[in-house]
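First the structure, in the form of structure tokens, and then the observations on it.
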Number of protein chains: 2
Amino acid sequence: MTARRKPSTETPVFPKPGHNHARCASEALRKAEAVCTARKTRLTDIRRQVLELIWQSHVPVGAYEILSQLNAGGGRTAPIAVYRALEFLMDNGLVHRLASLNAYIGCAHMGDDHHAAQFLICRTCGTTAELESAPLKRALTHAVAERGFSIDSQIVEISGVCPHCRATA
Amino acid sequence: MTARRKPSTETPVFPKPGHNHARCASEALRKAEAVCTARKTRLTDIRRQVLELIWQSHVPVGAYEILSQLNAGGGRTAPIAVYRALEFLMDNGLVHRLASLNAYIGCAHMGDDHHAAQFLICRTCGTTAELESAPLKRALTHAVAERGFSIDSQIVEISGVCPHCRATA
DNA sequence: CGGTATAATGTTATGTTATAACATTTACAA
DNA sequence: TTGTAAATGTTATAACATAACATTATACCG
């Protein structure tokens, strides 16, 4: 441990219940546009709609939940369309899949080209945040390398209670 | 880091292709009996069968794969029976579920009462090993606590290439 | 031993998540 | 403008998991 930690960079704040979420969402959409432009991929209608629905909150959403919202106005979109959009969004680093929930969440670090992520999932409010911990990353890399194993991808999903729910309880 | 690492305790060997697996399996079954006796739970026929099928290898198996093996001789066991057996085995720490694969694997540390586990999954041969790394555990615990989050459960699943497949390639 | 409570299993049906295969449309560039 | 690749539509099905209720087995008590 070196000195005091710097919350702004080392310890991103867990999304607060009352924060200005409209801002998160619009910011995310703006970044997504930028990423797609840079990568020469197309953020089509359905892809944008799926991304917007995902960014309605910091709670992961299931594919079929997205689907039913898409079809709320009487649409006839098929499941596969949602999965294709999700695949695109994940390939472009805009969305993550949470294997422990079979659900999807907007990526908090778009454009940063991080294909590995760790997540904190609050079992009370559902809010899920990315955990960017350099020491954790190092420990993981080291432990794996030590065993002669080479990493392709990794899943780290931690379920528990977030600071806000702890305070409320 | 303190001194040189001790492979026998700190760095368990990744299961080798040609190892005496019959031994792994019988050992596992023996331990399972002991655990159930100690916990006054019953390792019934179907539960033992499922556990044996899981221990046929170090490659995780899906519930329906287990089911079809159970029914290979013309049986009529229903999916729910397999899931109930799996639930029992997991509750008793005899089996783990791999969320990234929707598959199940025998626990390498029965009786050690470890409810958290990390896994190394070889994408080439499928072999999966538990990773017991104290530094990793510490880093994880620390990173999470630092953010005011309290842990209930965690999933760490690392996909890559195992030492033996790397050597072969 | 017989009764009774609990645990385990059987039976049937259905819910939830995800993909295959092939047809059609759209966007873009030569 | 037309050829091509990307995207979407359409239909069907695969893969994973649980609900609800009936029946059977086990163990424990009097």
Side-chain angles (χ1 to χ4, degrees), chain A residues 32-33 35-54 59-71 73-92 94-105 126 155 157, chain B residues 32-33 35-54 59-71 73-92 94-105 126 155 157:
Chain A
E33 299 274 11
V35 168
C36 288
T37 301
R39 301 185 55 153
K40 298 195 202 305
T41 58
R42 295 166 48 212
L43 190 61
T44 61
D45 259 15
I46 193 169
R47 290 168 180 174
R48 170 184 282 100
Q49 285 175 56
V50 169
L51 187 58
E52 282 175 353
L53 289 171
I54 286 174
V59 179
V61 290
Y64 279 76
E65 196 180 335
I66 291 168
L67 180 65
S68 65
Q69 291 201 57
L70 276 180
N71 287 339
R76 300 185 155 282
T77 302
I80 186 75
V82 172
Y83 283 102
R84 288 199 279 229
L86 288 170
E87 185 183 19
F88 170 87
L89 294 169
M90 288 190 289
D91 286 348
N92 286 273
L94 306 175
V95 158
H96 293 290
R97 178 172 194 273
L98 293 162
S100 60
L101 302 176
N102 295 329
Y104 304 83
I105 191 162
I155 291 175
E157 297 175 20
Chain B
E33 299 275 11
V35 167
C36 288
T37 301
R39 302 184 54 153
K40 298 195 203 302
T41 56
R42 296 167 47 211
L43 190 61
T44 61
D45 259 15
I46 192 168
R47 289 167 180 173
R48 169 183 285 100
Q49 287 176 53
V50 169
L51 187 59
E52 282 175 354
L53 289 171
I54 286 174
V59 179
V61 289
Y64 277 76
E65 197 179 333
I66 292 169
L67 181 64
S68 64
Q69 291 200 58
L70 276 181
N71 287 339
R76 303 188 152 280
T77 303
I80 186 76
V82 172
Y83 283 102
R84 288 199 279 228
L86 289 170
E87 186 184 19
F88 170 87
L89 295 169
M90 288 190 289
D91 286 349
N92 286 275
L94 306 176
V95 158
H96 292 291
R97 178 173 193 274
L98 293 163
S100 60
L101 302 176
N102 294 331
Y104 304 82
I105 191 162
I155 289 175
E157 297 176 18

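Since the model is a prediction, treat every value here as computed from it, not as a measurement. Naming convention: chains lettered A, B, ... in sequence-line order (proteins, then strands); numbering from 1 in each chain.
Comparing B/Arg42 and A/Ala78 along DNA chain D, the residue whose closest nucleotide (by nearest heavy atom) sits nearer the 5' end is A/Ala78. Across the interface with DNA chain C, nearest-nucleotide mapping of B/Asp45 and A/Ala63 shows B/Asp45 to be the residue nearer the 5′ end.
To the nearest angstrom, P of D/dT8 lies 12 Å from CG of A/Leu70. A/Arg48 places its CZ atom 14 Å from the P atom of D/dA7, with the value rounded to the nearest Å. The separation between B/Ile80 atom CD1 and C/dA8 atom C1' is 12 Å, rounded to whole Å. As rounded to whole Å, 13 Å separates atom P of C/dA18 from atom CD of A/Glu65. B/Leu43 places its CG atom 14 Å from the P atom of D/dT26, with the value rounded to the nearest Å. One can place CD1 of B/Ile46 at 8 Å from C1' of C/dT9, the figure rounded to the nearest angstrom. Atom CG of A/Asp91 and atom C1' of D/dA6 are 14 Å apart (whole Å). Separating the OH atom of B/Tyr83 from the P atom of D/dA19 is a distance of 13 Å, rounded to the nearest angstrom.
Here the CD1 atom belonging to B/Ile155 is positioned 8.0 Å from the CG atom belonging to A/Leu101, to the nearest 0.5 angstrom.
Between A/Arg47 and D/dA7 there is a side-chain N or O to OP1 or OP2 distance below 4.0 Å. Distances shown here put every side-chain N or O of B/Thr77 at or beyond 4.0 Å from the OP1 or OP2 atom of C/dG10. Listed pair B/Asn102 / D/dA15 fails the phosphate criterion, with no side-chain N or O lying under 4.0 Å from OP1 or OP2. For the pair A/Tyr104 and C/dA18, the criterion of a side-chain N or O lying under 4.0 Å from OP1 or OP2 is met.
Of the possible polar contacts, one joining the A/Glu157 side chain to the A/Ala99 backbone as a donor-acceptor pair under 3.5 Å is found. Side-chain N or O atoms of A/Gln49 include none that pairs as donor or acceptor with a backbone N or O of A/Leu70 at under 3.5 Å.
Residue B/Arg84 is in base contact, counting any heavy-atom pair closer than 4.0 Å across all strands shown.
The side chain of B/Pro79 sits closest to D/dT18 out of C/dT17, D/dT18, D/dC16.
Between B/Ile66 and B/Leu53, the shortest heavy-atom contact is O-CD1, 3.8 Å.
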Stepwise, does the side-chain contact (heavy atoms from CB on, under 4.5 Å) test hold for B/Ile54 with B/Leu86? CA-CA 10 Å; B/Ile54 286 174; B/Leu86 289 170; 3.7 Å; yes
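Contact of A/Tyr64 with C/dA18 (side chain to base): a donor-acceptor pair of N or O atoms is detected under 3.5 Å.
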